[in-house]
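No experiment lies behind these values; they were computed from the predicted model shown.
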Amino acid sequence: MSGLIKNLENIAPDEEILEGTFTSNIFQNEDGNELSICIRNGEMIDYAEKCVEHFNSLPDDVIDEICHGLIESCHLADEDFELPELENVREIFEYCWFTAMAVDVPEDDGISYVIEGEGDWGEVVGFVIKNGSLAYIGCDIEEYL
């Protein structure tokens with residue numbers, strides 16, 4: 001264990017679900033760059049740290065793709081919310097924030113996790129990484145949690 005994940009606590013002793021925090025290099029929450037992480041199996045801490053490393057090293061083109069997806073989600077989610085014209089797609093981060101990563105047992109050897117957040121337009125937003133690639137961006141993130 002490298003220490004990327006801090007403050008790990010067992011939040012459901014019957015199921016051994018761990019919750020902690022980690023520092024995000026790119027994505028912010030309302031209070032800064034500490035996001036929570038939920039690990040659904042205590043034996044997966046090393047795997048969860050690999051997910052954090054992957055998350056913190058997402059390439060620029062993937063981050064921009066996430067931003068485009070968030071902008072589209074904003075327009076689809078709430079007709080009353082008017083997103084100002086953005087000069088750069090990353091300005092969407094001024095209108096949404098991220099709160100948590102969920103790590104579950106991987107389907108294979110690939111890196112898979114869900115990032116959850118919220119937008120000023122009042123919807124849960126997020127994205128899914130499956131086998132190291134971006135698999136989903138949008139408001140229907142609950143089905144992946």
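- Once rounded to the nearest 0.5 Å, the distance linking CD1 of Ile11 with CG of Leu18 reads 8.0 Å.
- Remark: Cys51 SG to Glu53 CD distance equals 9.5 Å, nearest 0.5 Å.
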| message | Glu118 vs Phe98, test: side-chain contact (heavy atoms from CB on, under 4.5 Å). Steps then yes/no. | response | CA-CA 6 Å; Glu118 192 172 331; Phe98 298 91; over 6 Å; no

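- In terms of modelled atom types and a separation under 3.5 Å, the side chain of Ser36 and the main chain of Thr99 share a donor-acceptor contact.
- For the pair Phe93 and Cys67, the tightest heavy-atom approach, listed with the atom from each and the gap, is CZ-SG, 3.5 Å.
- Shortest non-hydrogen contact noted between Ser24 and Phe55 is OG-CE2, 3.5 Å.
- None of Asn88, Val89, Leu83 except one satisfies the side-chain contact (heavy atoms from CB on, under 4.5 Å) rule with Leu86; the exception is Leu83.
- Applying the side-chain hydrogen bond (donor to acceptor under 3.5 Å, both in side chains) rule to Asn10 yields no partners; only residues at least two apart in sequence or on another chain are considered.
- Using a 4.5 Å heavy-atom cutoff, the side chains of Val114 and Tyr136 are not in contact.
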| request: Before giving the answer on side-chain contact (heavy atoms from CB on, under 4.5 Å), spell out for Asn7 and Glu19 the whole-Å C-alpha distance, their side-chain angles and the decisive distance to 0.1 Å. | output: CA-CA 8 Å; Asn7 308 315; Glu19 188 172 85; over 6 Å; no

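- Counting heavy atoms from C-beta on, the side chains of Val103 and Ile37 come closer than 4.5 Å.
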| request: With side-chain contact (heavy atoms from CB on, under 4.5 Å) as the test, would you mind laying out the steps for Tyr47 and Asn41 before giving the verdict? | output: CA-CA 10 Å; Tyr47 172 74; Asn41 179 328; over 6 Å; no

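- Note that CG of Asn33 is 5.0 Å distant from OG1 of Thr23, once rounded to the nearest 0.5 Å.
- Hydrophobic clustering places Ile63 together with Ile111 (ILVMFWY residues linked when any side-chain heavy atoms are closer than 4.5 Å, directly or through intermediates).
- Summarising the geometry, atom CG belonging to Asn56 is positioned 6.5 Å from atom CZ belonging to Phe22; distances are rounded to the nearest 0.5 Å.
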Contacts table for residues 125-134: side-chain donor-acceptor under 3.5 angstrom, sequence neighbours left out:
none

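- Pairs of residues two or more places apart, or lying in two chains, that qualify as salt bridge (Lys or Arg N to Asp or Glu O under 4.0 Å) and include a residue from residues 64-75 are Asp64-Arg90.
- Residues Glu94 and Asp120 share a closest heavy-atom pair of O-OD2, 4.0 Å.
- How far CG of Leu8 is from OG1 of Thr21: 8.0 Å, rounded to the nearest 0.5 Å.
- Among all heavy-atom pairs drawn from Glu43 and Glu16, the shortest one is N-OE2, 4.4 Å.
- The backbone N or O of Gly3 lies less than 3.5 Å from a partner atom in the side chain of Glu49, making a donor-acceptor pair.
- With Glu91 contributing its side chain and Glu87 its backbone, the two residues share a donor-acceptor pair below 3.5 Å.
- Taking SG of Cys96 as the reference point, atom CD1 of Ile66 lies at 10.5 Å (rounded to 0.5 Å).
- Counting all heavy atoms, side chain and backbone alike, Gly138 lies closest to Ser73 at CA-OG, 3.1 Å.
- No chain of hydrophobic side-chain contacts below 4.5 Å, direct or via other Ile, Leu, Val, Met, Phe, Trp or Tyr residues, connects Ile92 to Trp97.
- Among all heavy-atom pairs drawn from Tyr95 and Pro84, the shortest one is OH-CG, 3.2 Å.
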| query | Does the side-chain contact (heavy atoms from CB on, under 4.5 Å) test come out yes or no for Met101 and Val52, once each step is laid out? | reply | CA-CA 8 Å; Met101 172 187 284; Val52 170; 4.1 Å; yes

